[in-house]
Amino acid sequence: MVDVTEEEMDNATFKSDTVLSDVHLHYPNKRHLMVRLNAVGQPVFLSYFKILWNTEDSASEKHVRGATTEREHQYRSGDELCDKDRNNLKKERGLNSEGVEALLDDDGDLEVVRRPHSASDLEAEDLLRDIVYPVILMKGKEDAFEDEEQECPCSDVVKIEHTMATPLEDVGKQVWRAAFLLADYILFKRDMFRCCSVLELGSGTGITSIIMGTVAKRVYCTDVGEDLLTMCEQNVMLNKHLMEPGRGEVKVKELDWLKDEFCTDPEAPYSWSEEEIADLHDHCTVIMAADVFYDDDLTDALFRTLYRITHNLRNSCTVYLALEKRLNFTLRHMDVTCEAYSHFRNTLNDLENLQDKKMKYTVEPIKLDFCQFLIYERIEQLELWKIVAEQLT
């Protein structure tokens, strides 16, 4: 059993090999409920992500701005109050022109009033800057989410268990922006995915499979590692309320890209039955993966898996790959590069140029001008690719 002190839980600990998703980093004002420790002693948190269905009826650009505005409102600190809130505070507290608010000088320039070094206890409580890591709440304090549940009806909220600040080998236990991007596309094109049979590779926490499960007939949600798959299965159970009756079956399965065969050992957890493998090969028309291109060897393994599976499918299928281009400074180049992304693009080109008498692969990027249904930062480094795997014989 791993002992975790209260002080340790209240502070995020970063080591040299620690990786933290921007999704969690940019949710400083959201309260994350620590629900348990996983099998390797990592804290597991529960987060709520609201689906913004009202973006459906207007132009995409308008909704991206709206989501950004809501996000800025949600993430603001004590020094960054929006005008509306500032006016409300002024009415409630009776602040005068010397209160804590942004003012204009005689020339019309903005004067930023800094936080005073000394303040009463009440003022200090109001002016404290939000901490930059989530407040961890012990299990049993579910009422801390009461306000959020009232604001976000159950049918509009995705509940996800995840970890934070993990080693590189455990990054699948976090939620990543590219998964939100792919989820946005699924929600935007949900009529196109309705009643499909879908395979997700490298599902991680399962959020993209869960979103796909709201419209598809069946989703095979796959990854490796019993602890990760257990978390993924728990997330599927937490979101049964999103699935339509008679549809939206999400099956959590093990699929190791480094192996050429499906795991069919009946003693192994999350193994495949022969019937499930046959169902996948007979009916799958969509394959998807999000933010899985960060290691060259794994990228090669994923494309080998794609090639093998698409060859065994009865029908042509469409593959959707979402990723974030991450820039890093390397001593080898003495410059900012993106080697993982470059390797992905080279491998993608090799697949498209592959001379194969049975399959033809057509690759094209998807424009990111569709509606934003989830609150995250849709940065320019995000990309979504479409591969049409067409049967020739």
Side-chain angles (χ1 to χ4, degrees), residues 178-179 181-203 208-209 211-213 215-222 247 249-251 253 255-262 272 274-293 298-323 341-370 382-393:
L181 178 69
L182 185 51
D184 272 347
Y185 187 74
I186 294 167
L187 293 171
F188 181 67
K189 294 284 191 178
R190 53 189 177 276
D191 288 340
M192 181 175 70
F193 296 112
R194 200 170 297 280
C195 299
C196 288
S197 183
V198 181
L199 169 67
E200 183 178 13
L201 302 173
S203 302
T208 311
S209 284
I211 294 295
M212 180 63 85
V215 293
K217 178 181 179 180
R218 181 174 294 111
V219 181
Y220 289 101
C221 174
T222 70
R247 287 210 299 266
E249 182 184 16
V250 179
K251 293 190 172 187
K253 296 293 176 181
L255 203 164
D256 191 341
W257 309 339
L258 300 177
K259 297 180 180 178
D260 293 335
E261 302 294 336
F262 293 93
W272 296 71
E274 295 297 335
E275 292 76 12
E276 289 169 335
I277 296 174
D279 175 69
L280 176 73
H281 288 158
D282 289 343
H283 301 108
C284 180
T285 55
V286 175
I287 301 176
M288 60 182 184
D291 224 331
V292 294
F293 305 102
L298 289 179
T299 296
D300 292 340
L302 180 136
F303 275 97
R304 285 196 300 268
T305 301
L306 273 179
Y307 178 81
R308 184 179 72 252
I309 291 177
T310 53
H311 267 66
N312 290 328
L313 296 181
R314 173 175 293 182
N315 304 304
S316 298
C317 79
T318 306
V319 182
Y320 297 94
L321 305 176
L323 71 153
Y341 175 76
S342 298
H343 186 77
F344 162 76
R345 289 296 305 273
N346 291 334
T347 311
L348 192 63
N349 290 336
D350 291 342
L351 181 69
E352 185 173 29
N353 296 327
L354 187 66
Q355 299 295 327
D356 192 312
K357 295 181 179 180
K358 182 180 178 182
M359 300 291 300
K360 176 184 178 182
Y361 297 94
T362 306
V363 178
E364 63 176 293
I366 296 176
K367 291 184 178 180
L368 307 187
D369 56 358
F370 47 87
L382 287 171
E383 294 186 1
L384 182 59
W385 291 85
K386 174 182 176 180
I387 305 172
V388 178
E390 183 181 358
Q391 301 274 0
L392 297 180
T393 56

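- Residues passing the side chain to side chain donor-acceptor pair (under 3.5 Å) test with Asp260: none are found, sequence neighbours excluded.
- With sequence neighbours left out, Asp256 forms a side chain to side chain contact (heavy atoms under 4.5 Å, CB included) with Val224, Leu258, Lys259.
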Under 3.5 Å, which donor-acceptor pairs link side chains of residues 314-321 to any protein atom two or more places apart or in another chain?
| from | atom 1 | to | atom 2 | distance (Å) |
| --- | --- | --- | --- | --- |
| Asn315 | ND2 | Asp282 | O | 3.2 |
| Ser316 | OG | Gln391 | N | 2.9 |

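- For Asp279, the salt bridge (Lys or Arg N to Asp or Glu O under 4.0 Å) criterion is met by Arg218, not counting sequence neighbours.
- Surrounding NZ of Lys358 are more than 12 heavy atoms belonging to other residues, nucleotides or ligands, all under 6.0 Å away.
- Atom CG of Leu384 sits about 11.5 Å away from atom CE of Met288, to the nearest 0.5 Å.
- The CE atom of Met359 sits 4.5 Å away from the OG1 atom of Thr310 when rounded to the nearest 0.5 Å.
- With rounding to the nearest 0.5 Å, the separation of CE in Met212 from CD1 in Ile186 is 3.5 Å.
- Residue Thr222 holds its OG1 atom at 6.5 Å from CH2 of Trp272, rounded to the nearest 0.5 Å.
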Decide yes or no on side chain to side chain contact (heavy atoms under 4.5 Å, CB included) for Ile387 and Leu348, but give the supporting numbers first. CA-CA 9 Å; Ile387 305 172; Leu348 192 63; 3.5 Å; yes
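- Using a 4.5 Å heavy-atom threshold, the side chains of Phe370 and Leu181 count as touching.
- Across all their heavy atoms, Leu199 and Leu201 have their closest contact at CD2-CD2, 3.9 Å.
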Would you check, one step at a time, whether the test side chain to side chain contact (heavy atoms under 4.5 Å, CB included) holds for Val292 with Leu298? CA-CA 8 Å; Val292 294; Leu298 289 179; over 6 Å; no
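- Between Phe344 and Phe293, the two ring planes are tilted [angle within 30° to 60°].
- Looking at every heavy atom in both residues, Ala183 comes nearest to Thr208 through N-CG2, 4.5 Å.
- Under the side chain to side chain donor-acceptor pair (under 3.5 Å) criterion, Trp257 pairs with no residue at all, not counting sequence neighbours.
- Annotation for Arg190 and Val215: closest pair CB-CG1, 3.4 Å, computed over non-hydrogen atoms.
- Residues passing the side chain to side chain contact (heavy atoms under 4.5 Å, CB included) test with Asp350: none are found, sequence neighbours excluded.
- For the atom pair Gln355 CD and Lys357 NZ, the distance stands at 10.5 Å (nearest 0.5 Å).
- By the salt bridge (Lys or Arg N to Asp or Glu O under 4.0 Å) test, Glu276 pairs with Lys251, Lys253, sequence neighbours left out.
- For the side chain to side chain contact (heavy atoms under 4.5 Å, CB included) test, residues two or more places apart in sequence or in another chain that qualify with Ser203 are Glu200, Ser209, Cys221.
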For the pair Tyr220 and Leu255, evaluate side chain to side chain contact (heavy atoms under 4.5 Å, CB included) and give the outcome as yes or no after the intermediate values. CA-CA 10 Å; Tyr220 289 101; Leu255 203 164; over 6 Å; no
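- With sequence neighbours excluded, the residues that form a side chain to side chain donor-acceptor pair (under 3.5 Å) with Asp300 are His343.
- Residues passing the side chain to side chain contact (heavy atoms under 4.5 Å, CB included) test with Thr362 are Lys360, Val388, sequence neighbours excluded.
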Begin from the C-alpha positions of Glu383 and Tyr341 and carry the test side chain to side chain contact (heavy atoms under 4.5 Å, CB included) through to its verdict. CA-CA 11 Å; Glu383 294 186 1; Tyr341 175 76; 2.7 Å; yes
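- Taking every heavy atom of both residues into account, Leu392 and Asp356 meet most closely at CD1-O, 3.6 Å.
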Validation: residues 191-198 side-chain donor-acceptor distances under 3.5 Å, sequence neighbours left out:
| from | atom 1 | to | atom 2 | distance (Å) |
| --- | --- | --- | --- | --- |
| Asp191 | OD1 | Arg194 | NH2 | 3.3 |
| Arg194 | NH1 | Glu244 | OE2 | 3.4 |

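- Residues satisfying the side chain to side chain donor-acceptor pair (under 3.5 Å) criterion with Asp184, sequence neighbours excluded, are Tyr376, Arg378.
- Screening Leu306, Thr305, Asn312 for a side chain to side chain contact (heavy atoms under 4.5 Å, CB included) involving Ile309 leaves a single residue, Thr305.
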